[in-house]
Amino acid sequence: MSRAALLVLADGRFPAGGHAHSGGAEEAVKAGRITGAPSLEDFCRGRLHTAGLVAASLAAAAALGVPAAELDAAADARTPSPALRLAARRLGRQLMRAARATWPSDELDALAREFPKGAHQPVVLGAAARSAGLGADDAAHCAAYESVSGATTATVRLLGLDPFEATAVLARLAPEADHVVDLAVEAAALAQEQGAGVLPAASAPLLEIGAELHAGWAVRLFAS
């Protein structure tokens with residue numbers, strides 16, 4: 001298992017398309033729910049314990065080898081917003097391109113053939129981690145971190161927030177992210193035995209509603 005591979009996969013410069021997405025931060029800024037570092041921290045905490053937990057669980061389960069078709073269906077069921085489902089599949093397709101170029105494997109090739117328009121991003125993330133020789137906890141850490149890092153980076157651009165303050169938000173959330181990862185790995189191990197239906201289905205209705213509103217904007221900085 002290579003910790004260097006984990007750093008490559010989690011690096012914001014990895015060409016997986018995440019830089020074009022705000023994780024709902026753009027709509028939240030416009031709605032006045034994010035106005036500075038304290039409200040950004042609240043927003044990210046909410047994302048981490050809902051969408052982040054779901055994504056980390058799916059990624060960990062994929063890294064353990066739970067069938068991708070089953071996990072992708074579970075991801076669909078846990079993503080009511082059509083706009084978010086579309087974004088997740090676009091991100092999955094882009095991540096697949098990057099992962100196949102970086103860690104070529106028969107498993108990734110098969111997943112790409114099975115989902116030519118893209119599987120949900122956390123499912124691809126878990127498969128990429130598996131191809132890179134990483135474990136379920138590594139995949140879950142990547143997913144949990146991505147669930148909040150994208151929003152903080154976007155807020156720096158949207159509000160002109162001090163990057164030091166944004167990074168401090170991530171640091172303060174680190175213990176909670178570790179806890180979310182522990183829950184995700186436990187759920188993924190259970191899914192190996194009982195199927196993807198037992199994975200967390202934490203709900204974030206305001207994120208879903210915001211995504212639908214954001215998708216209808218004529219002008220926006222981020223894709224989601």
Side-chain angles (χ1 to χ4, degrees), residues 5-6 8-27 47 51-52 54-134 136 138-151 153-154 188 196 199 207-208 210-212 214-217 220-224:
L6 174 59
V8 171
L9 186 58
D11 193 332
R13 291 165 293 188
F14 191 68
H19 65 280
H21 297 259
S22 76
E26 185 168 26
E27 191 279 332
R47 272 194 61 83
V54 171
S57 301
L58 289 164
L64 290 175
V66 176
E70 187 178 338
L71 291 174
D72 195 74
D76 252 0
R78 288 157 175 75
T79 312
S81 162
L84 286 184
R85 289 199 296 270
L86 179 61
R89 293 191 182 281
R90 284 177 174 169
L91 284 168
R93 186 168 63 248
Q94 178 65 22
L95 175 57
M96 178 62 77
R97 291 179 61 195
R100 291 175 77 188
T102 309
W103 300 289
S105 73
D106 292 341
E107 185 174 350
L108 288 179
D109 291 344
L111 182 58
R113 288 193 299 270
E114 187 175 2
F115 295 96
K117 295 184 178 180
H120 276 260
Q121 192 268 359
V123 180
V124 180
L125 177 61
R130 186 177 170 91
S131 294
L134 299 172
D138 297 314
H141 269 106
C142 281
Y145 178 70
E146 287 178 355
S147 75
V148 292
S149 62
T153 301
L199 292 174
L207 283 177
E208 303 281 343
E212 292 302 306
H214 183 268
W217 292 2
R220 55 182 186 259
L221 184 60
F222 293 93
S224 69

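- Pairing each heavy atom of R113 with each of P116, the nearest pair is O-CD, 3.5 Å.
- What you find for A211 and S81 is that their closest heavy atoms are CB-OG, 3.8 Å.
- Within the structure, ring-ring contact (aromatic ring centres under 6.0 Å, His included) pairs that include any residue of residues 62-99 do not occur (at least two apart or interchain).
- Salt-bridge formation is detected for the pair R130/E107: a Lys NZ or Arg NE/NH1/NH2 atom is positioned less than 4.0 Å from an Asp or Glu carboxylate oxygen.
- Within 6.0 Å of CZ on R90 lie no more than 12 heavy atoms contributed by other residues, nucleotides or ligands.
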*Hey, mind stepping through R89 and D76 against side chain to side chain contact (heavy atoms under 4.5 Å, CB included) and telling me if it holds?*
CA-CA 10 Å; R89 293 191 182 281; D76 252 0; 3.3 Å; yes
*Could you walk me through whether F115 and M96 pass the side chain to side chain contact (heavy atoms under 4.5 Å, CB included) test, one step at a time?*
CA-CA 10 Å; F115 295 96; M96 178 62 77; over 6 Å; no
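- Atoms NE2 and CD, on H21 and E146 in that order, are 11.5 Å from each other to the nearest 0.5 Å.
- The distance from the CG atom of D138 to the CG atom of L9 is 9.0 Å, given to the nearest 0.5 Å.
- When all heavy atoms are compared, the tightest approach of R78 to V54 is CD-CG1, 3.9 Å.
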_For L134 and W103: C-alpha separation, side-chain torsions, deciding distance, then whether side chain to side chain contact (heavy atoms under 4.5 Å, CB included) applies._
CA-CA 11 Å; L134 299 172; W103 300 289; 6.0 Å; no
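- Pairing each heavy atom of A60 with each of A140, the nearest pair is CB-CB, 4.2 Å.
- Shown here for A136 and A63, the closest heavy-atom pair between the two residues is CA-CB, 3.8 Å.
- Side chain of S147 to main chain of A144: a donor-acceptor pair is present (N/O by atom type, distance under 3.5 Å, no hydrogens or angles).
- Taking CG from L86 and CG from L91, the interatomic distance works out to 9.5 Å, rounded to the nearest 0.5 Å.
- Taking CD of E212 as the reference point, atom CD of E27 lies at 11.0 Å (rounded to 0.5 Å).
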_Full working for side chain to side chain contact (heavy atoms under 4.5 Å, CB included) between L58 and L125_ = CA-CA 9 Å; L58 289 164; L125 177 61; over 6 Å; no
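- Remark: the backbone N or O of G17 is not paired with any side-chain donor or acceptor of Q94 at under 3.5 angstrom.
- Considering all non-hydrogen atoms of both residues, L207 and G23 come closest at CD2-O, 4.1 Å.
- Checked by atom type and distance alone, the side chain of S22 pairs as donor or acceptor with a backbone atom of S224 at under 3.5 Å.
- Salt-bridge check for R85 with D72: failed, with every basic side-chain N at 4.0 Å or more from each acidic carboxylate O.
- Note that CZ of F222 and OG1 of T153 are 8.5 Å apart. Values are rounded to the nearest 0.5 Å.
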